[in-house]
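In what follows, chains are A, B, ... by sequence order, proteins preceding strands, each numbered from 1.
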Number of protein chains: 2
Amino acid sequence: MADEVEREADVGVLSALVGYHLRRATNVVAADFARSLSETGVRQVLFGVLSVVERNPGINQGSVGRSLGIQRANMVALVNELVERGLVDRRVSAEDRRAFALSLTDEGKCAYADCLARIRAHEDSVLGDLDTRERKRLIALLSRIEAKES
Amino acid sequence: MADEVEREADVGVLSALVGYHLRRATNVVAADFARSLSETGVRQVLFGVLSVVERNPGINQGSVGRSLGIQRANMVALVNELVERGLVDRRVSAEDRRAFALSLTDEGKCAYADCLARIRAHEDSVLGDLDTRERKRLIALLSRIEAKES
DNA sequence: TATTGTTATACTCTATAACTATA
DNA sequence: TATAGTTATAGAGTATAACAATA
């Protein structure tokens with residue numbers, strides 16, 4: 001007799017639905033991201049903001065939000081958090097006094113580099129089964145879904 | 001002169017990170033799912049439960065949760081919701097008096113079928129750019145990430 | 001009038017710890 | 001001692017509406 005192995009229940013029609021697998025895979029990656037960067041206190045969304053500000057010094061909050069699909073209202077707390085931690089510099093824009101110009105502080109640049117190194121290790125770990133070509137193929141497929149944003 | 005087109009800011013290194021694209025694509029699909037099924041009141045997770053119960057009549061809550069990656073504690077409210085709506089029948093298990101045996105009511109079977117039809121339309125709409133082969137390839141790639149669940 | 005940032009608020013998903021009743 | 005379900009609670013992401021200041 002073989003060992004009695006506790007098998008997991010069949011999820012039914014879900015297994016053929018892209019949305020289901022997207023959710024599951026995203027949760028796995030998000031959980032590993034959180035573990036891998038727990039020491040830094042930087043979460044996925046926060047790193048997103050850091051990345052956009054790093055690439056576009058002087059950009060304003062609204063533009064960051066639009067590029068990441070984050071609502072203006074939700075940007076406020078995120079930027080507050082980064083400013084309070086000393087990672088982002090926020091000053092009234094010279095061209096538009098309603099807007100804030102965001103940029104990374106020196107500390108922010110260090111944190112960004114540190115996080116990026118950890119994220120690369122995390123992706124290599126959680127995507128270990130996928131080679132470079134497969135990862136690119138995956139990103140290409142996902143990008144075509146993202147383009148459907150309403 | 002060409003029209004002044006408002007272009008979105010470059011997201012920087014994010015564009016090469018699988019985790020970022022997973023999050024964005026998942027959010028796009030989830031938002032479209034919510035719109036497409038708003039009349040039914042059935043959310044992604046709820047349909048997940050319906051699908052597992054449909055496939056495994058008499059299954060208990062814990063097993064449903066394990067198969068979907070949902071914690072026991074979080075299953076309670078979900079099953080309560082489905083029972084209160086009359087979609088799921090919950091009765092003490094004959095074999096184990098600690099457990100509940102779950103199954104779909106007739107109304108639950110109708111709701112399941114109705115939701116599934118809407119979900120197929122939703123996936124065809126939000127994944128319209130991907131042909132069958134590409135969707136399968138995507139699911140295969142995602143499944144390999146899911147397998148990394150800790 | 002439209003836009004930037006803000007506040008307030010609500011909903012959902014996920015996570016942990018501690019409890020009970022059964023096994 | 002382990003498991004099924006429960007309760008309470010907390011953190012995080014996302015969504016909408018309304019407001020003040022500025023364009």
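- With rounding to whole Å, A:E81 atom CD is found 17 Å from C:dT6 atom C1'.
- Rounded to an integer number of Å, the gap from CZ of B:R90 to P of D:dG5 is 10 Å.
- Between the CG atom of B:N80 and the P atom of D:dA8 there is a distance of 12 Å, given to the nearest Å.
- A salt bridge does not link B:R137 with A:E134: none of the charged nitrogens is closer than 4.0 Å to a carboxylate oxygen.
- The CZ-P distance, from A:R43 to C:dT14, rounds to 17 Å in whole Å.
- Side-chain N/O atoms of B:N27 include none lying less than 4.0 angstrom from OP1 or OP2 on D:dG13.
- Two residues, A:E95 and A:I70, neighbour DNA chain D, and the one matched to the more 5' nucleotide by heavy-atom proximity is A:I70.
- Per the geometry, CE belonging to B:M75 stands 16 Å off C1' belonging to C:dT12, to the nearest Å.
- Taking only side-chain nitrogens and oxygens, A:Q44 never comes nearer than 4.0 Å to OP1 or OP2 of D:dA12.
- Across all strands, A:V79 comes closer than 4.0 Å to no nucleic acid atom at all (heavy-atom distances).
- Residues passing the side chain to side chain contact (heavy atoms under 4.5 Å, CB included) test with A:E54 are A:L104, A:Y112, sequence neighbours excluded.
- In this structure, CZ of A:R24 is placed 15 Å from P of C:dC13, rounded to the nearest angstrom.
- Salt bridge present: A:D10 and B:R55 bring a charged side-chain N and a carboxylate O closer than 4.0 Å.
- For D:dT14, one of the phosphate oxygens OP1 or OP2 lies less than 4.0 angstrom from a side-chain nitrogen or oxygen of B:R23.
- Between A:E39 and A:R118 a salt bridge is recorded (basic side-chain N to carboxylate O distance below 4.0 Å).
- Donor-acceptor pairing under 3.5 Å is lacking for the side chains of A:N60 and A:R98.
- B:L22 places its CG atom 16 Å from the C1' atom of D:dG13, with the value rounded to the nearest Å.
- Remark: B:R133 does not engage B:D131 in a salt bridge, criterion side-chain N to carboxylate O under 4.0 Å.
- Residue A:F100 places its side chain closer to C:dG5 than to any other of C:dC13, C:dG5, D:dA4.
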Dump every N/O contact between nucleotides 16-22 of chain D and the protein below 3.5 Å, one line per pair.
residue, atom, partner, partner atom, Å
D:dT22, O2, A:R98, NH1, 3.4

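- Residue-to-nucleotide proximity on DNA chain C shows that, of A:A101 and A:A31, the 5′-proximal contact is made by A:A101.
- The distance between atom CD of A:Q61 and atom P of C:dT3, rounded to the nearest whole Å, is 17 Å.
- Salt bridge status for B:R135 with B:D129: absent, with no side-chain N to carboxylate O gap under 4.0 Å.
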